[in-house]
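Take a look at the structure below.
Numbering of residues begins at 1 and proceeds along the displayed sequence. Side chains included, hydrogens not; waters and symmetry mates left out as well; all remaining heavy atoms used.
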Amino acid sequence: MIRMEGLSVRIGRKPILEDISLDFEPGTVTVLLGPNGSGKTTLLRAALGLIPSSGGRILIDGIPLDKLSRREIAGKAAFLPQSRPQASIQALRMVLHGRFPYLSYPRRYSREDLEAARAAMDAVGCRRFEEVNIQNLSGGERQSVYLAMALAQQTETILMDEPTTYLDVRHQLRIMAMARELAAEGKAVVMVLHDIALALRCADQAAVLENGHLVMAGTPAFVYDSGVLDRVFGVCVRRLETPDGPQYYCAEKEGC
């Protein structure tokens, strides 16, 4: 579990995040919503100490972040960034990078490491790319390899920044189903998403950021009923009740 209490981040004199208090709880899928530049990615990175905070405190499993080494943090929480350099490496070798927190020097992979990596690739459906150089994969295929790397880390918390980028709708739904499965196993799953409808349909908790402030957090139904999404995004977010549960869609403000 990650707990942020009054978290603030500044770059020079510019405030990026101000007084954020939010929990990423076990067994919960949390989505971070907000316009571009609202601080979503910064919040993920600050929660793991990848960006220094200027105020407040962060606890991971009850331990202050500054008391944990980088290796200890990596053993507790995995992070899937939105983009990364495209190294020339086979997919399996990339996924095995998720095992780094468990390796001693010199880095030698055990049978357990290989089994964890291949199980993660099976989970996201990219095992067939095991021996393929990731530079020869499409954007969506490459994204699945990076997700497998995060899963291979076998942490209790997984933070993902725009994990559905480059994916077609079928694979987007698969990623969200996987997030639900991970939460059902007791993991804390945190995702930055721009697709409001997909986020509200699949999340347990929605946290809405605007200009570096947390303006609301709660169940998708609570956040939707508040009307805050309409104001923050400048659109009309609407809900339909269907046999498959509530479905959401967005329309231009002028058409509502």
Side-chain angles (χ1 to χ4, degrees), residues 1-2 24-30 44-45 47-50 60-61 63 68-167 171-192:
M1 173 178 174
I2 297 179
F24 299 151
E25 299 183 357
T28 300
V29 175
T30 299
L44 290 189
R45 297 180 70 85
L48 297 178
L50 300 174
I60 300 183
D61 295 337
I63 304 172
L68 295 169
S69 68
R70 292 307 317 164
R71 182 168 180 167
E72 288 172 328
I73 294 171
K76 291 179 176 294
F79 176 51
L80 177 65
Q82 184 177 6
S83 61
R84 59 176 63 242
Q86 295 181 21
S88 179
I89 186 174
Q90 288 184 332
L92 177 60
R93 304 298 294 183
M94 176 60 75
V95 175
L96 280 167
H97 285 185
R99 302 300 299 168
F100 279 9
Y102 308 105
L103 302 181
S104 57
Y105 185 84
R107 289 171 174 164
R108 292 177 180 170
Y109 297 114
S110 66
R111 177 181 297 178
E112 180 183 356
D113 295 321
L114 288 167
E115 289 176 350
R118 288 182 169 125
M121 296 182 81
D122 283 334
V124 301
C126 69
R127 178 74 177 272
R128 66 189 184 279
F129 306 133
E130 182 173 317
E131 297 182 1
V132 179
N133 190 304
I134 64 171
Q135 290 188 336
N136 297 326
L137 299 177
S138 70
E141 292 167 344
R142 199 177 302 121
Q143 185 76 340
S144 69
V145 172
Y146 294 146
L147 178 57
M149 181 176 64
L151 295 184
Q153 204 166 321
Q154 294 184 328
T155 59
E156 291 304 307
T157 301
I158 300 176
L159 282 63
M160 297 182 274
D161 190 5
E162 286 292 331
T164 58
T165 299
Y166 306 121
L167 300 183
H171 287 91
Q172 288 179 18
L173 293 175
R174 177 58 191 140
I175 293 299
M176 299 309 294
M178 187 179 304
R180 300 283 345 142
E181 293 165 7
L182 292 169
E185 295 172 6
K187 297 183 184 295
V189 181
V190 187
M191 314 173 81
V192 170

With a 4.5 Å limit on heavy-atom distance, are the side chains of V192 and Q82 in contact? no
Kindly indicate whether the side chain of F129, heavy atoms from C-beta on, has any atom under 4.5 Å from the side chain of M94. no
Using a 3.5 Å distance criterion without hydrogens, assess whether the side chain of Q143 forms a donor-acceptor pair with backbone atoms of P163. yes
Could you check whether any side-chain heavy atom of N133 comes within less than 4.5 Å of a side-chain heavy atom of R93, counting everything from C-beta outward? no
I'd like to know if R174 pairs up with E181 as an ion pair, taking the criterion as any Lys NZ or Arg NE/NH1/NH2 lying under 4.0 Å from an Asp or Glu carboxylate oxygen. yes
Less than 4.5 Å apart, any side-chain heavy atom of I2 and any of L159? yes
Do the side chains of L151 and M178 get nearer than 4.5 Å, heavy atoms only? yes
Distance col, row F24:CZ vs T30:OG1, nearest 0.5 angstrom, shows 6.5 Å
Nearest 0.5 Å please: distance from the OG1 atom of T164 over to the NE2 atom of H171. 12.5 Å
Which atom names give the shortest non-hydrogen contact between A148 and C126, and what distance separates them? CB-SG, 4.1 Å
Is it true that R142 and Q135 share a donor-acceptor pair across their side chains at a distance under 3.5 Å? no
Residue of the set M121, R118, Q90 for which side-chain contact (heavy atoms from CB on, under 4.5 Å) holds with V95: M121
Atom CG of L147 and atom CD1 of I175: how far apart are they, to the nearest 0.5 Å? 4.5 Å
Using 0.5 Å steps for rounding, measure from the CG atom of L48 to the CD1 atom of I60. 6.0 Å
How far apart are the closest heavy atoms of M1 and P26, and which atoms are they? CB-CD, 3.9 Å
Flag the pair Q154 / Y102 as yes when at least one side-chain heavy-atom distance between them is below 4.5 Å, and no otherwise. yes
Please report the interatomic distance CG(L96) to OH(Y109), rounded to the nearest 0.5 Å. 5.0 Å
So do the side chains of L68 and K76 get within less than 4.5 Å of each other, counting heavy atoms only? yes
Going by heavy atoms in the side chains, are I63 and E72 under 4.5 Å from each other? no
How long is the gap from NE2 on H97 to CD1 on I89, to the nearest 0.5 Å? 4.0 Å
Taking all non-hydrogen atoms of both residues into account, name the closest pair between A183 and V189 and its distance. N-CG2, 4.1 Å
Under 3.5 Å: donor-acceptor pair, side chain of Q153, backbone of A74: yes
Shortest non-hydrogen contact from S144 toward E141: OG-O, 2.5 Å
Would you say K187's side chain and T155's backbone share a donor-acceptor pair under 3.5 angstrom? yes
